[in-house]
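Remember, predicted model here, so these are calculated numbers, not experimental data.
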Amino acid sequence: MTTTTPLGAEDRIASPAVPAGGRRPALRRVRSGNGLVFVLPFLLVFGLFMVWPIVQGLWMSFTDSSLALRDTDFVGFDNYAEAFGDPDVWSSLGNTVFFTVVSSVPLVLVALAMALLVHSGLAGQWAWRLSFFAPYLLPVTVVTMIWTWLYQPELGLGNQLLDALGMAPVGWLSDESVAMWSVAALTVWWTVGFNFLLYLAALQSLPTTFDEAAALDGAGAWRRLWSITLPQLRRTTGLVAMLQILASLKVFDQIYILTKGGPNGSTRPVLEYVYDVGFTGYRLGYASAISYLFFALIVVVSLVQLRLFRRED
């Protein structure tokens with residue numbers, strides 16, 4: 001003989017009545033409304049401080065907007081046509097690309113070498129990690145002040161070392177052929193710690209099975225590094241390279257504080273030229289046009305990188 005247990009209160013709560021057709025439209029509407037309430041503050045802030053400035057800046061690039069004039073006229077693509085024929089735009093773009101190349105390559109290779117050194121079990125790892133990452137925590141003003149003293153032509157450490165070696169002093173920030181290399185050295189010392197952490201985290205997450213098996217088969221440390229460790233870091237290297245290239249293309253702070261784009265514009269990047277045109281020359285419309293051309297270039301570089309990484313995968 002079987003007995004039927006009445007439906008408990010908790011069961012009735014967990015299994016609400018389903019209307020004909022098996023749908024719960026009222027419940028879905030409540031959930032969607034609750035989600036919108038939580039997302040709405042972010043959407044408002046994002047629209048106010050991101051979407052609206054982008055739209056406003058794009059419209060401004062088609063006008064002759066100026067800080068010195070109240071009236072604004074629509075000029076169409078005149079600003080863009082002027083930008084393509086402006087030699088200062090091309091020279092500043094060349095400076096930006098050159099800085100990106102000379103800074104991104106060592107920022108990837110040096111970070112990898114530092115991470116491998118720490119991951120190898122070197123004594124006093126906490127001290128090495130702190131010394132490698134600590135410069136990244138410094139604000140840009142402090143970093144540029146330190147390196148300004150190092151690059152000081154008479155009392156700076158750089159020329160003192162050259163003098164001790166019997167070499168002629170160098171105009172680290174006054175020589176056009178050396179200034180950009182000096183900025184790149186500062187940038188590598190300052191920001192390499194972030195890439196170092198990415199590589200170190202990747203190394204610590206790698207499985208040790210392959211490395212141990214290769215060691216048992218007689219493979220040396222360099223062979224295991226080249227054939228096992230580095231191939232497993234390919235995705236991390238792609239990520240680091242992409243982030244670094246994009247960050248180097250947007251360089252502004254350290255160059256503006258350290259050299260103001262000098263000497264003779266040899267270190268002036270695109271963003272500094274945009275700043276000079278917009279806030280020194282008062283031509284906001286033209287500065288906006290240059291900004292959006294540079295933005296388009298960054299988008300193209302990002303898409304090319306993503307396509308290359310997908311092919312490698």
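At a threshold of 4.5 Å between non-hydrogen side-chain atoms, the residues L203 and L233 count as touching. Contact of the D86 side chain with the Y273 side chain is registered, since non-hydrogen atoms from C-beta on lie closer than 4.5 Å. Contact of the M114 side chain with the V118 side chain is not registered, since no non-hydrogen atoms from C-beta on lie closer than 4.5 Å. The shortest distance between side-chain heavy atoms of Y292 and I54 falls below 4.5 Å. Side-chain atoms of P169 and L162, non-hydrogen and from C-beta on, never get closer than 4.5 Å to each other.
Once rounded to the nearest 0.5 Å, the distance linking CZ of R268 with NZ of K260 reads 14.0 Å. To the nearest 0.5 Å, atom CZ of residue F210 and atom CD of residue Q232 are 6.5 Å apart.
Of the possible donor and acceptor atoms, one in the side chain of T63 sits under 3.5 Å from a partner among the backbone N and O of M60. In terms of modelled atom types and a separation under 3.5 Å, the side chain of S66 and the main chain of Y282 share a donor-acceptor contact.
Of all heavy-atom pairs spanning L243 and F194, the tightest one is CD1-CE2, 4.5 Å. For the pair T236 and L198, the tightest heavy-atom approach, listed with the atom from each and the gap, is CG2-O, 4.0 Å.
The side chain to side chain donor-acceptor pair (under 3.5 Å) analysis of residues 170-190, with sequence neighbours excluded, yields the pairs N159-W172, D175-S177, E176-N264, T187-Q254. Under the side chain to side chain donor-acceptor pair (under 3.5 Å) criterion, the residue pairs touching residues 91-106 are S103-S248, S104-S248, with sequence neighbours excluded. Residue pairs that meet the salt bridge (Lys or Arg N to Asp or Glu O under 4.0 Å) test with at least one member in residues 39-57, sequence neighbours left out, do not exist here. Screening residues 194-204 for side chain to side chain donor-acceptor pair (under 3.5 Å) gives N195-Q244, Y199-T237 as the qualifying pairs, with residues at least two apart or on separate chains. The stretch residues 129-156 participates, sequence neighbours left out, in these side chain to side chain donor-acceptor pair (under 3.5 Å) pairs: Q125-R129.
Partners of V75 according to the side chain to side chain contact (heavy atoms under 4.5 Å, CB included) rule, which considers only residues two or more places apart in sequence or in another chain, are D64, D78, N79. Under the side chain to side chain contact (heavy atoms under 4.5 Å, CB included) criterion, V274 pairs with V270, A287, I290, S291, sequence neighbours left out. With sequence neighbours excluded, the residues that form a ring-ring contact (aromatic ring centres under 6.0 Å, His included) with F132 are W128, F196. Every residue was checked against the ring-ring contact (aromatic ring centres under 6.0 Å, His included) condition with W52, not counting sequence neighbours, and none meets it. For V188, the side chain to side chain contact (heavy atoms under 4.5 Å, CB included) partners are P106, L107, not counting sequence neighbours. With sequence neighbours left out, P87 forms a side chain to side chain contact (heavy atoms under 4.5 Å, CB included) with no residue at all.
In the model, Y80 has a side-chain atom that pairs as donor or acceptor with a side-chain atom of S61 under 3.5 Å. T259 and T267 share a donor-acceptor pair across their side chains, judged by distance under 3.5 Å alone.
Ring orientation note: the planes of F62 and F77 are nearly perpendicular, at an angle over 60° on the 30°/60° scale.
Heavy-atom contacts from other residues, nucleotides or ligands closer than 6.0 Å to OH of Y275 number 12 or fewer.
Residues V45, L48 make up the rest of the hydrophobic cluster containing F49, defined by ILVMFWY side-chain heavy atoms closer than 4.5 Å, directly or through other members.
At least one cation-pi condition fails for K250 and F252: the charged atom is not both under 6.0 angstrom from the six-membered ring centre and inside a 45 degree cone around its axis.
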